[in-house]
Amino acid sequence: MVKESSEEKQLTPLEGVVVLAGDEESSPLSKEGGDCCSTSPSHRDIRERAGIMVYPLVSGWLDTPAGEVPKVSPVLTADDKRGTISMRIGIGRDSYAITPGLYAFGEPNENSHVIVTCNYKLTFDHLRSTLSKLDLWVVVLDTKGINVWCAAGKGTFGTAEVIKRVNESSIDKVVNHRDLILPQLGAPGVSAQEVKRATGFKVHYGPIRAEDITAYLDAGMVATPSMREATFTLKERAVLIPVEISLLLSPLKWVIPLLFILSGLGPSIWSPSAAVTRGFALFMGLFAGGLGGAVFLPLLLPYLFWREFSLKGAAAGAGVTLIGLLLFGGALNWLEALSLIVLGSAVASYAGMNFTGTTPFTSPTSVEKEMRRWVPIQIGTAALSLAGWVGGAFIG
Amino acid sequence: MKGFDYLGVNTLEFDVEKCVGCGMCLTVCPHAVFTRSDAGVKGAKVTLDKPAKCMECGACAINCPVAAITVKPGVGCASAILHSWITGEEASCDCSGGGCC
């Protein structure tokens with residue numbers, strides 16, 4: 001129930017509620033009626049209104065001076081977990097969002113902290129489980145289902161959106177302080193001084209990782225230097241691998257036919273049997289390059305000691321292809337083997353270069369500098385390797 | 001971020017004359033590019049300590065109350081940059097794959 005079209009999103013006036021259909025729903029929802037038939041005593045009749053469904057993550061409603069605020073269950077359901085897995089393997093990543101607005105974690109009161117986050121449900125679910133012991137107000141911004149860091153870069157996790165949601169949620173009526181806690185990685189999009197001017201709320205940048213929020217709050221909203229520094233641990237890199245792989249899959253639909261056409265070329269002009277057997281070998285070369293660039297490069301990132309990701313990738317790709325050839329490449333001649341190593345390196349170099357966009361430490365200016373040098377090399381070596389592959393058919 | 005050094009070129013510029021020592025850049029920078037040795041002293045200016053670590057996110061610049069810092073924030077996504085080379089547009093995350101960031 002988290003998939004909504006952008007049109008529907010604009011029509012949801014109440015947080016925690018998905019409007020399933022109808023453009024008549026733009027008026028605020030009425031709340032009259034009893035609660036005799038709701039599944040839980042705290043649920044109002046809102047579950048019964050035609051065309052509307054409450055998120056399963058809403059466990060009840062909290063009456064506040066700013067109206068009813070949905071209470072969020074800290075327990076992730078099987079659906080939530082399935083959603084997280086889908087995101088990690090790159091399925092449906094364009095529309096995994098929850099409705100923006102004010103939510104309650106635990107049993108917050110007028111003294112509770114207010115934290116601000118994005119409406120990417122993966123992030124929201126991570127907060128739900130990580131902060132399950134805290135009583136907090138959570139203002140969810142409309143970042144179009146994008147995570148905090150990327151949305152801050154795009155400006156959707158931005159000054160204007162913070163101001164809009166703070167004003168619309170009437171959080172100033174709900175709490176008696178004027179402090180907002182934003183994730184530090186939202187700072188590229190938000191001007192703290194402008195938010196203060198427009199809303200009266202002072203922006204505090206909390207830690208980078210949700211796991212540190214409790215310690216940060218316990219210390220009186222003070223972050224240690226390590227809470228402020230981006231990391232890129234083995235685990236953080238490993239979870240990115242499935243999406244890296246899924247990104248490599250999309251060009252295959254036109255690459256694979258090309259592989260088989262090229263592989264069939266030989267002394268007999270074009271041989272279907274060579275197309276199949278040699279095409280499969282060429283595909284495996286490509287596969288080895290993908291494995292090097294999308295799997296081994298992220299895993300071995302700090303140990304591939306070159307600074308350029310293209311070089312890191314090329315090394316990983318050459319290594320994987322070489323190992324593959326030693327294990328399975330007995331039937332290939334020297335030119336074919338050499339061509340596959342060069343192809344694997346070129347593919348892995350390109351995939352590696354693309355991984356810069358996923359890391360938290362590469363500046364765009366540096367990435368562009370690397371690309372100016374390496375994209376021509378990647379195209380050139382890939383073309384050479386394919387030429388070598390076709391040539392290999394004639395010396396076999 | 002020990003062990004993660006990249007090419008180190010970026011557009012970060014810091015005008016120490018304008019700095020009022022509020023320390024906001026120290027707070028928002030995910031790579032501790034700025035430091036302040038005399039941290040206890042109120043209003044002590046910060047130092048641009050590790051400029052090569054800057055990844056051009058722009059958090060310091062947008063949160064600096066006196067505009068002492070400038071940096072051109074951008075998209076560090078190779079396919080977005082490729083797209084911008086081909087189309088001549090500014091690189092953005094709005095690529096079709098949706099996976100660049």
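Residue numbers start from 1 in every chain, and the chains themselves are labelled A, B, ... in the order their sequence lines are given, proteins ahead of strands. What you see is a predicted model; the values in this text were computed from it and never measured. The figures here come from the full heavy-atom set of this structure, side chains too, leaving out hydrogens, waters and symmetry mates.
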message: As an exercise: rank Cys57(B), Gly8(B), Gly74(B) by heavy-atom pairs under 4.5 Å with chain A and give me the winner.
response: Cys57(B)

query: Taking every heavy-atom pair that is under 4.5 Å apart, which of Glu194(A), His204(A), Glu368(A), Glu308(A) has the most such pairs with chain B?
result: Glu368(A)

- request: Say whether, by atom type as modelled, one donor and one acceptor occur between the side chain of Asn10(B) and the main chain of Ser363(A) under 3.5 angstrom.
  value: no

message: Does any backbone or side-chain atom of Leu12(B) lie under 4.5 Å from a heavy atom of chain A? Answer side chain, backbone, both or neither.
response: neither

- prompt: Does the pair Phe361(A) and His31(B) meet the rule for a side chain to side chain contact (heavy atoms under 4.5 Å, CB included), with working shown?
  reply: CA-CA 8 Å; Phe361(A) 65 95; His31(B) 294 293; 3.7 Å; yes

- line: Heavy-atom nearest pair, Ala187(A) first then Val28(B), reads CB-CG1, 3.5 Å

task: Please say whether more than 12 non-hydrogen atoms of neighbouring residues, nucleotides or ligands are located less than 6.0 Å from CD in Glu211(A).
output: yes

statement: From the list Pro73(B), Cys64(B), Ala59(B), Ala61(B), the residue making the most non-hydrogen contacts under 4.5 Å with chain A is Ala59(B)

task: Could you tell me which non-hydrogen atom of Leu82(B) sits nearest to which non-hydrogen atom of Tyr350(A), and how far apart they are?
output: CD1-OH, 3.5 Å

Side-chain heavy-atom pair Leu7(B), Glu370(A) within 4.5 angstrom cut-off: yes

Rounded distance (nearest 0.5 Å) linking atom OG1 of Thr362(A) with atom CE of Met55(B): 5.5 Å

- prompt: If we only count heavy atoms from C-beta on, is the Ile208(A) to Pro30(B) side-chain gap below 4.5 Å?
  reply: yes

query: What pair of heavy atoms forms the shortest contact from Ser366(A) to Val9(B), and how long is it?
result: OG-O, 2.6 Å

- prompt: Would a 4.5 Å heavy-atom cut-off, applied to side chains only, mark Tyr6(B) and Thr359(A) as touching?
  reply: no

task: Using atom types as modelled and distance alone, determine if a side-chain donor or acceptor of Glu229(A) lies under 3.5 Å from a backbone N or O of Ala32(B).
output: no

Any Gln184(A) side-chain heavy atom under 4.5 Å of Thr27(B) side chain: no

field: Between Lys369(A), Met371(A), Met353(A), the one whose heavy-atom pairs under 4.5 Å with chain B are most numerous
entry: Met371(A)

- request: Please state whether the side chain, the backbone, both or neither of Trp149(A) comes within less than 4.5 Å of a heavy atom of chain B.
  value: side chain

- prompt: So which of Val190(A), Thr356(A), Thr159(A) has the largest heavy-atom pair count under 4.5 angstrom toward chain B?
  reply: Val190(A)

Side chains of Phe4(B) and Thr231(A) in contact at under 4.5 Å (non-hydrogen atoms): no

query: Given a strict heavy-atom distance threshold of 4.5 Å, which part of Ser250(A) is in contact with chain B: side chain, backbone, both, or neither?
result: neither

- prompt: Closest approach of Leu26(B) and Arg228(A), non-hydrogen atoms and distance?
  reply: O-CD, 4.2 Å

